[in-house]
Amino acid sequence: MTDPSREIRVLDAVVTLVDSLLYDFDVVELLTGLTERCAELLDVAAAGFLLADPTNRLRLVAATSEAARELELFQLQADQGPCVDCYRSGEPVSIDDLTVVADRWPRFAAAADEAGFRSVHAIPMRAAGTVLGALGLFGDRPGRLNDADLLVARTLAHVACVAVLQEHAPTPATVLPRLQAALNRRVVVEQAKGFLRETMNVSVEDAFTLLRNYAREHGEHLSDVARTLMTDRYSRPVLISALTAMRAG
């Protein structure tokens, strides 16, 4: 059974963190706060963020405690551990009990045990198909992350990616052009819906569904498909033919 109070705390954390991105923020301070949220929401003893530098070497940027900081630095020095493997593979690493994988990371496992950690997990930080780093989670007792835990961890890692890549809070000078661009894109989509309604004799709702499904299947932006339909008279017949085939299928 899901825990309503936990769901509320997760949503509150995400809203608070995203809200921070809309104002002037320090990325190290924000990531440190994120590690603290991770420890609180995932019932782990400590957490830390590692980011890759331009030479693809991981660097520590934030940790909840000195013990976590030292262990993160140790695994970088030893070149072994969950975050190292997670970054290289781009996949989550979850070890419920470190004692059963001592052979996998002998030096790291010994250091983690000495620091009082019994379970370790790592979540990749991904953006645009690139792994930016890893979120390390350290438990002081054996234990697994269930699907809900993994989703929370991935959500917080995504927030961290946005914070790193955004770098600066938006200002009126950057926000207003983006708002206008979004509105312009919406106008083109509305025009395309109306055009398909007349051309294909479908409802506005069906026209939008066809546009969206085509965009998803072809890995394109919805507004780009709409713009092609409205402005490219050479591509338009091919696009209409494809949309007609989708509708028939």
Side-chain angles (χ1 to χ4, degrees), residues 13 17 27-147 149-165:
L17 291 164
V27 67
V28 175
E29 173 62 29
L30 190 142
L31 292 181
T32 300
L34 257 172
T35 62
E36 294 167 349
R37 290 286 195 166
C38 289
E40 171 195 344
L41 296 170
L42 297 170
D43 192 26
V44 293
F49 275 111
L50 298 175
L51 291 179
D53 67 14
T55 65
N56 294 321
R57 294 186 61 185
L58 288 173
R59 306 288 186 179
L60 177 68
V61 289
T64 53
S65 65
E66 186 62 23
R69 176 182 175 278
E70 291 181 356
L71 185 58
E72 291 279 39
L73 291 174
F74 181 86
Q75 73 169 315
L76 298 183
Q77 181 181 18
D79 195 30
Q80 61 175 239
C83 289
V84 174
D85 284 6
C86 175
Y87 173 68
R88 288 173 176 167
S89 69
E91 298 296 330
V93 174
S94 189
I95 305 300
D96 303 349
D97 187 347
L98 269 172
T99 61
V100 302
V101 292
D103 293 340
R104 180 174 178 179
W105 309 308
R107 296 178 61 193
F108 173 82
D113 181 68
E114 184 176 348
F117 298 122
R118 303 291 179 262
S119 57
V120 294
H121 315 278
I123 308 297
M125 297 172 62
R126 287 182 173 278
T130 300
V131 182
L132 307 182
L135 164 63
L137 305 168
F138 308 98
D140 55 8
R141 60 184 183 276
R144 62 184 292 270
L145 295 182
N146 58 32
D147 291 343
D149 293 330
L150 287 171
L151 180 59
V152 171
R154 281 168 35 209
T155 299
L156 296 177
H158 285 322
V159 174
C161 288
V162 173
V164 171
L165 296 177

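Note that the coordinates shown come from a computational prediction; the quantities given were computed from them, not determined experimentally.
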Which pair of heavy atoms, one from [X] and one from [Y], lies closest together, and at what distance?
X	Y	value
Leu34	Leu17	CD2-CD1, 3.2 Å
Leu135	Ala47	CD1-CB, 4.4 Å
Gly48	Phe138	N-CE1, 4.4 Å
Ser65	Ala46	OG-CB, 3.9 Å
Leu98	Ala112	CD1-CB, 3.5 Å

Q. Got a sec, which residues hit salt bridge (Lys or Arg N to Asp or Glu O under 4.0 Å) with Arg88, two or more places apart in sequence or on another chain?
A. Asp79

Residues 50-59 side chain polar contacts: donor-acceptor under 3.5 Å, at least two apart:
unit_1 : atom_1 : unit_2 : atom_2 : d
Asp53  : OD1    : Thr55  : N      : 2.9
Asp53  : OD1    : Thr55  : OG1    : 2.7
Asp53  : OD1    : Asn56  : N      : 3.1
Asp53  : OD1    : Arg57  : N      : 2.9
Asp53  : OD2    : Thr55  : OG1    : 3.3
Asp53  : OD2    : Arg59  : NE     : 3.1
Asp53  : OD2    : Arg59  : NH2    : 3.2
Asn56  : OD1    : Tyr87  : OH     : 3.3

All side chain to side chain contact (heavy atoms under 4.5 Å, CB included) counterparts of [X], not counting sequence neighbours:
X	result
Val152	Arg6, Val10, Leu41, Leu42, Leu156
Asp85	Val93, Arg104, Trp105
Pro124	Cys86, Pro92, Arg126, Val131
Glu70	Glu66

**Q.** CG/Asn146: more than 12 non-hydrogen atoms of other groups inside 6.0 Å
**A.** yes

Restricting to pairs with a member in [range], which pass side chain to side chain donor-acceptor pair (under 3.5 Å), not counting sequence neighbours?
range	answer
residues 28-47	Asp43-Arg141
residues 110-122	Ser94-His121, Asp113-Arg118
residues 130-139	none

Q | Which residues share a ring-ring contact (aromatic ring centres under 6.0 Å, His included) with Phe74, sequence neighbours left out | A | none

Q: Side-chain contact test, heavy atoms from C-beta onward, threshold under 4.5 Å: evaluate it for Val44 versus Thr64 and give yes or no.
A: no

Q: Enter the distance from Leu137:CG to Ile95:CD1 here, rounded to the nearest 0.5 Å.
A: 12.5 Å

Q: Calculate, to the nearest 0.5 Å, the distance between atoms CG and SG belonging to Asp149 and Cys38 respectively.
A: 11.0 Å

(Q) I'd like to check the side chain to side chain donor-acceptor pair (under 3.5 Å) partners of Asp96; sequence neighbours left out, ordered by chain and number. (A) none

Q: Would you check if the side chain of Glu72 reaches a backbone N or O of Ala63 as a donor-acceptor pair within less than 3.5 Å?
A: no

Q) Would you find a donor on one side and an acceptor on the other, under 3.5 Å apart, between the side chain of Gln80 and the backbone of Phe108? A) yes

Q.
Can you pull out every ring-ring contact (aromatic ring centres under 6.0 Å, His included) where at least one residue sits in residues 31-64? Sequence neighbours excluded, please.
A. none

**Q.** Working for side chain to side chain contact (heavy atoms under 4.5 Å, CB included), residues Val164 and Leu31
**A.** CA-CA 9 Å; Val164 171; Leu31 292 181; 4.1 Å; yes

